[in-house]
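One structure below.
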Amino acid sequence: GYLALPASGSGAGVIVIQEWWGLNPQIKGMADRLAGEGFVALAPDLYHGELAEHDEMDKAAHLMTAMPQDRAARDMLGAVDYLLGRDEVTSSKVGVIGFCMGGMLSMTLGAIGGDKIAAVTPYYGAPVGASGTDWSNLSAPIYGHFAEVEDFFKPELVTALEAELKTMGKDVTLEVHAGAGHAFCNGDNPLGTYDEALAETCLAQS
């Protein structure tokens with residue numbers, strides 16, 4: 001994984017979960033940004049060293065679908081325990097932020113991480129349509145940012161998931177941003193959908 005420490009030397013812990021490209025410079029840059037804001041940020045490498053470039057959509061899709069879900073769950077939980085065990089981390093829980101595939105996995109981590117998770121912020125990714133997701137241990141609030149113009153995580157499915165979780169008594173808000181496209185927060189602009197103003201507004205709320 002990639003660990004970013006704040007200039008102060010200590011702070012609350014946050015897990016950063018990669019897009020389907022892998023643990024690339026953009027995700028490392030997000031961890032650095034969070035460290036610059038005073039957090040101890042850790043981005044686990046869920047592909048174990050594999051990467052896809054932005055012109056390798058097929059490879060990215062393969063890496064995502066070939067990644068064992070049970071291994072990803074263990075890796076994320078291990079990252080949480082590792083972060084909480086570091087002397088630099090001043091919090092008793094960690095926050096989680098994730099993008100695209102990582103948005104989906106961030107919500108999964110919120111569900112399986114229980115009271116070790118303080119808050120979850122997914123970006124344009126959620127476990128929509130997934131069968132058998134056990135939300136019973138979800139205690140952290142979730143505030144997510146999603147795209148209206150979306151081929152991967154359809155807004156109507158996101159809205160349905162939000163309604164389902166609220167019915168279960170969970171503190172969940174999944175905001176769909178009008179006119180926004182998938183990956184609107186990715187400054188590398190791999191899909192031509194980057195929206196700097198919206199990205200900065202959402203990240204400030206996170």
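Note that this is a predicted model, so its numbers are computed, not measured. Atoms considered below: every heavy atom in the structure, side chains included; atoms not considered: hydrogens, waters and symmetry mates.
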Approximate separation, where rounding is to 0.5 Å, of Glu196 CD and Leu198 CG: 11.0 Å
Test side chain to side chain contact (heavy atoms under 4.5 Å, CB included) applied to Pro190 - qualifying residues, sequence neighbours left out: Trp21, His54, Asn186, Asp188
Other residues, nucleotides, ligands: >12 heavy atoms within 6.0 Å of Glu53 CD: no
Short N-O contact, Lys154 and Glu156, less than 4.0 angstrom: no
Check: Met104 and Val128 side chains under 4.5 Å, non-hydrogen atoms: no
Nearest heavy atoms of His182 and Leu191, plus distance in Å: CD2-CD1, 3.7 Å
Separation of Leu138 CG from Leu165 CG (nearest 0.5 Å): 7.0 Å
Ring-ring centroid check Tyr123 Phe99, cutoff 6.0 Å: yes
Donor-acceptor contact present, side-chain Lys93 to main-chain Leu84, <3.5 Å: no
Close aromatic pair by centroid cut-off 6.0 Å: Phe184 and Tyr124: yes
Electrostatic pair Glu19-Lys28, nearest N-O below 4.0 angstrom: no
His145 and His177 aromatic ring geometry - parallel, tilted or perpendicular at 30°/60° bounds: parallel
Worked verdict on Tyr2 versus Asp32 for side-chain hydrogen bond (donor to acceptor under 3.5 Å, both in side chains): CA-CA 9 Å; Tyr2 180 78; Asp32 290 337; 2.7 Å; yes
Pairwise distance OG1(Thr173) to CD1(Ile142) - rounded to 0.5 angstrom: 9.5 Å
Point-to-point distance, once rounded to the nearest 0.5 Å, from CD of Glu50 to CG of Leu23: 12.5 Å
Note, Leu83 side chain near Ile15 side chain (heavy atom, < 4.5 Å): yes
Ion pair Glu162/Lys166, N-O distance below 4.0 Å: yes
Donor-acceptor under 3.5 Å (Glu148 side chain, Gly179 main chain): yes
Sidechain-backbone polar pair: Thr193 side chain, Asn189 backbone, donor-acceptor under 3.5 Å: no
Close side-chain approach of Pro6 to Val40, heavy-atom, < 4.5 Å: yes
